[in-house]
Amino acid sequence: MIGPSIVIKGEVTGEEDLLIQGRVEGRVNLNGNQVSIGESGEVYADIQAKVIQINGKVTGDINGHEKVIISKSGNVHGNIVAPRVTLEDGAMFKGSIDMDPAVANTGRATLEAHQPGHSAAQPLKASGLDLKSV
Amino acid sequence: MPNLSTQASKLLPHLFQQLDAERSVTVLHIGSALPETVDFFSDYRCKLHFIDVFPALPIVACEEPAVTQAQQFKELLRFPGETAFDICLFWDLFNFLDGDAITAFLSVLRPHLKQGSLAHAFSVHNRKAPQQNHFYGIQNLGELSVRSRRITPTGYAPHSQRELTALLDGFRVERSVLLPDSRLEMLLLKS
């Protein structure tokens with residue numbers, strides 16, 4: 001978990017599920033796992049994960065290989081690519097949603113565009129996650 | 001969240017009957033993204049662009065600094081260059097834009113239409129038709145979802161049918177259906 005008082009600027013990668021209650025700026029890449037953004041979470045980053053659940057605030061492009069869920073407290077400004085997207089009553093969303101239900105059981109969704117350049121840098125290991133500064 | 005009701009739509013099915021299931025459909029939805037709309041489209045290969053211009057109303061030209069209505073719409077809409085819409089869901093947008101604003105809006109949209117693009121809009125049969133403080137989504141193929149707005153958009157000044165038809169450069173009215181309260185539901189086809 002990234003706690004409420006934690007601020008990360010850089011790239012977060014790893015092979016375990018992640019709950020973000022704090023602030024992340026940069027990129028989150030957990031391709032085979034779930035990323036949850038808690039109600040206090042603020043993410044200014046592109047996110048790639050298997051499942052992405054948003055209860056907090058996200059500004060950035062979102063690529064969910066399986067599904068993306070924006071909960072009633074969620075607020076998203078960006079473009080979503082996922083086989084399935086669920087918007088709960090009360091959720092705030094501004095942007096585009098690219099869905100393909102046929103991909104749900106056959107493979108991964110891909111982000112066609114909106115891939116802003118991020119500089120590669122040295123990864124920092126922390127609790128099973130790689131944090132790359134930008 | 002504002003309360004939810006539904007409204008039957010005779011024209012909504014026409015938007016979808018020509019769609020090729022093998023091809024992704026690109027949709028412009030003017031207004032807030034609603035759960036039922038996203039759920040409805042989850043059965044389609046699609047790309048949905050949700051753009052809520054209502055909070056920015058009224059769209060009027062500024063003299064200082066000089067900003068045209070078209071520039072304001074370009075900034076609001078920000079369509080990716082390659083985007084071409086199969087379906088546009090305008091809902092009641094045109095009832096809140098003056099003639100110049102409609103012209104400006106369509107000048108920004110037109111390059112992103114394709115042959116056969118279809119659109120849905122509400123207008124009025126009588127300009128005295130009262131303002132409906134609602135926003136819309138898709139419940140199912142024959143029903144719209146209708147929710148009450150918390151904040152009333154400014155600039156309600158509906159156009160007569162003749163005026164609106166003349167202003168819709170790039171579209172022609174394919175069908176229209178008279179609704180209660182002197183409102184009209186319109187199916188538009190790129191001309």
Side-chain angles (χ1 to χ4, degrees), chain A residues 37 39 46 51-117, chain B residues 1-5 19-56 75-89 112 135 137-139 145-151:
Chain A
I37 292 94
E39 285 193 28
D46 295 343
V51 175
I52 301 167
Q53 169 124 20
I54 301 159
N55 303 299
K57 184 175 180 182
V58 175
T59 300
D61 292 331
I62 295 168
N63 192 346
H65 304 316
E66 199 169 279
K67 62 180 174 181
V68 173
I69 303 157
I70 308 176
S71 304
K72 61 182 180 183
S73 58
N75 186 337
V76 175
H77 187 175
N79 303 299
I80 299 174
V81 177
R84 290 277 175 185
V85 176
T86 299
L87 201 65
E88 292 185 358
D89 228 355
M92 306 285 285
F93 174 72
K94 185 177 180 184
S96 69
I97 297 175
D98 196 336
M99 289 190 285
D100 187 349
V103 176
N105 298 318
T106 57
R108 288 178 168 180
T110 57
L111 197 62
E112 293 174 344
H114 313 292
Q115 295 279 21
Chain B
M1 194 71 178
N3 56 344
L4 170 67
S5 60
L19 292 183
D20 178 356
E22 299 300 309
R23 199 175 56 78
S24 180
V25 57
T26 303
V27 179
L28 170 63
H29 183 291
I30 299 292
S32 300
L34 293 177
E36 57 272 18
T37 307
V38 175
D39 189 49
F40 172 81
F41 279 105
S42 67
D43 290 334
Y44 294 88
R45 287 182 65 199
C46 62
K47 185 158 189 175
L48 313 174
H49 294 256
F50 290 98
I51 302 175
D52 193 358
V53 303
F54 289 96
E75 182 64 23
L76 279 169
L77 300 171
R78 291 190 175 202
F79 298 135
E82 74 286 2
T83 300
F85 294 109
D86 299 283
I87 295 173
C88 300
L89 301 169
H112 299 280
F135 62 108
I138 300 178
Q139 190 69 30
S145 62
V146 184
R147 294 173 185 254
S148 301
R149 292 186 186 279
R150 287 203 184 110
I151 299 171

Query - Portion of B:Y44 that has a non-hydrogen atom of chain A nearer than 4.5 angstrom - result: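 For B:Y44, the contact with chain A is made by the backbone alone.
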Report task. For residues B:V38 and A:M99, report the shortest heavy-atom separation together with the two atoms involved. Result ->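 Of all heavy-atom pairs spanning B:V38 and A:M99, the closest is O-CE, 3.6 Å.
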Query raised in the report: In chain order, what residues pass the ring-ring contact (aromatic ring centres under 6.0 Å, His included) check against B:H29, with sequence neighbours excluded?
Result: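 For B:H29 the ring-ring contact (aromatic ring centres under 6.0 Å, His included) partners, ignoring immediate neighbours, are B:F50, B:W91.
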Atom pair [atom1] ([X]) and [atom2] ([Y]), whose distance is rounded to the nearest 0.5 Å:
X	Y	atom1	atom2	result
B:I51	A:S96	CD1	OG	9.0 Å
A:M92	B:S32	CE	OG	7.0 Å
B:T37	A:F93	OG1	CZ	12.0 Å
A:D100	B:R45	CG	CZ	5.0 Å
A:R84	B:D43	CZ	CG	6.0 Å

**Report entry** Any residue meeting salt bridge (charged side-chain N to carboxylate O under 4.0 Å, His left out) with B:E75, in chain and number order, not counting sequence neighbours
**Finding:**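 Counting only residues at least two positions away or on another chain, B:E75 forms a salt bridge (charged side-chain N to carboxylate O under 4.0 Å, His left out) with B:R78.
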